[in-house]
Amino acid sequence: MKLMIEVPKSVIRNPIISEVVLNTKAKLNIEKAKIDHDGGQVIVSVEDEDVERVVSAFKKWGARVKKIKHPVVMDDNACISCGACISVCPTDVFSFDDDGNIRVEEEKCIMCELCVYMCPVDALNVLE
Ligand code: SF4
Ligand code: SF4
């Protein structure tokens, strides 16, 4: 599962990710990260069995944690199967099925939003 973690500015200089990994023994894959004047935002993927431990460990640092169940969502009714999303997606989330429709493997999504900007009919949304 993917988690969005918002770290408050007051603790941003601490090695929070390292502490969480050491304390939980969970494997975190950092998929996206940014830091600005308000604090930090990190998206990580975690094995399902580790989710609750990892959420709890981040919350001890005062972080807000949101579980992301559907990182990218396609509106089947709007999609015209143009294939633009297949071309731009860096992690091969999209492919054509045998009927020429678009198949979505959302667990591969890193929420870069490239496909959202490329889709000519606004059929795609990245959720946070
Ligand atoms: S948001 Fe990025 S990674 Fe996710 S499906 Fe779109 S292009 Fe692929
Ligand atoms: S870019 Fe949009 S319309 Fe084109 S295949 Fe992807 S979801 Fe469908």
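Numbering starts at 1 and runs along the sequence shown. Remember, predicted model here, so these are calculated numbers, not experimental data. Note that ligands are numbered from 1 as they come in the structure, with each ligand's atoms numbered from 1 the same way.
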Report whether any nitrogen, oxygen or sulfur of C82 sits less than 2.8 Å from atom 6 (Fe) of ligand 2 (N, O or S, backbone or side chain).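 Coordinating: no.
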Which value, rounded to the nearest 0.5 Å, describes the distance between [X] atom [atom1] and [Y] atom [atom2]?
{"X": "L124", "Y": "E113", "atom1": "CG", "atom2": "CD", "result": "11.5 Å"}
{"X": "I17", "Y": "F58", "atom1": "CD1", "atom2": "CZ", "result": "4.0 Å"}
{"X": "E105", "Y": "F94", "atom1": "CD", "atom2": "CZ", "result": "10.5 Å"}
{"X": "K66", "Y": "L3", "atom1": "NZ", "atom2": "CG", "result": "12.0 Å"}

Are any non-hydrogen side-chain atoms of Q41 and M4 less than 4.5 angstrom apart?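 With C-beta onward as the side chain, the pair touches.
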Considering only heavy atoms from C-beta outward, does the side chain of I102 approach that of M74 to under 4.5 Å? yes
Under 4.0 Å from any heavy atom of [X], which atoms of ligand 1 are there?
{"X": "V126", "answer": "1 (S)"}
{"X": "I110", "answer": "3 (S), 4 (Fe)"}
{"X": "F94", "answer": "5 (S)"}
{"X": "C89", "answer": "3 (S), 5 (S), 7 (S), 8 (Fe)"}
{"X": "C115", "answer": "1 (S), 5 (S), 6 (Fe), 7 (S)"}
{"X": "C109", "answer": "1 (S), 3 (S), 4 (Fe), 5 (S)"}
{"X": "T91", "answer": "3 (S)"}
{"X": "V93", "answer": "5 (S), 8 (Fe)"}

Using a 4.0 Å heavy-atom threshold (strictly under), name the region of M111 that reaches ligand 1: side chain, backbone, both or neither. backbone
Relative to ligand 1, is E113 under 4.0 angstrom through side chain, backbone, both or neither, heavy atoms considered? backbone
Hydrophobic clustering (ILVMFWY, side-chain heavy atoms < 4.5 Å, transitive) - are [Y] and [X] grouped together?
{"X": "V20", "Y": "V51", "value": "yes"}
{"X": "I43", "Y": "V46", "value": "no"}
{"X": "V7", "Y": "I30", "value": "yes"}
{"X": "V104", "Y": "V126", "value": "yes"}
{"X": "I35", "Y": "L28", "value": "yes"}

With atoms numbered from 1 as shown, which atoms in ligand 2 lie under 4.0 angstrom from a non-hydrogen atom of [X]?
{"X": "L124", "result": "7 (S)"}
{"X": "A84", "result": "1 (S)"}
{"X": "V121", "result": "3 (S)"}
{"X": "I80", "result": "3 (S), 8 (Fe)"}

Any Lys/Arg nitrogen of E47 or R53 sitting under 4.0 Å from an Asp/Glu carboxylate oxygen of the other? no
Charged N to carboxylate O below 4.0 Å: is that the case for E31 and K2?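 Counted as a salt bridge, because a side-chain N and a carboxylate O are separated by less than 4.0 Å.
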To check your reading of the model: name the closest protein heavy atom to [atom], its residue, and the distance in Å.
{"atom": "atom 2 (Fe) of ligand 2", "answer": "C119 SG, 2.4 Å"}
{"atom": "atom 6 (Fe) of ligand 2", "answer": "C85 SG, 2.3 Å"}
{"atom": "atom 8 (Fe) of ligand 2", "answer": "C79 SG, 2.3 Å"}

Could you see which bit of [X] sits under 4.0 Å from ligand 2, with heavy atoms only: side chain, backbone, both or neither?
{"X": "S81", "result": "backbone"}
{"X": "I102", "result": "side chain"}
{"X": "I86", "result": "neither"}
{"X": "M74", "result": "side chain"}

Given V44, D48, V55, the one that forms side-chain contact (heavy atoms from CB on, under 4.5 Å) with M1: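 It is D48, the one option of V44, D48, V55 that forms the side-chain contact (heavy atoms from CB on, under 4.5 Å) with M1.
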Identify which of P71, C112, S87 has a heavy atom lying nearest to atom 7 (S) of ligand 1. C112
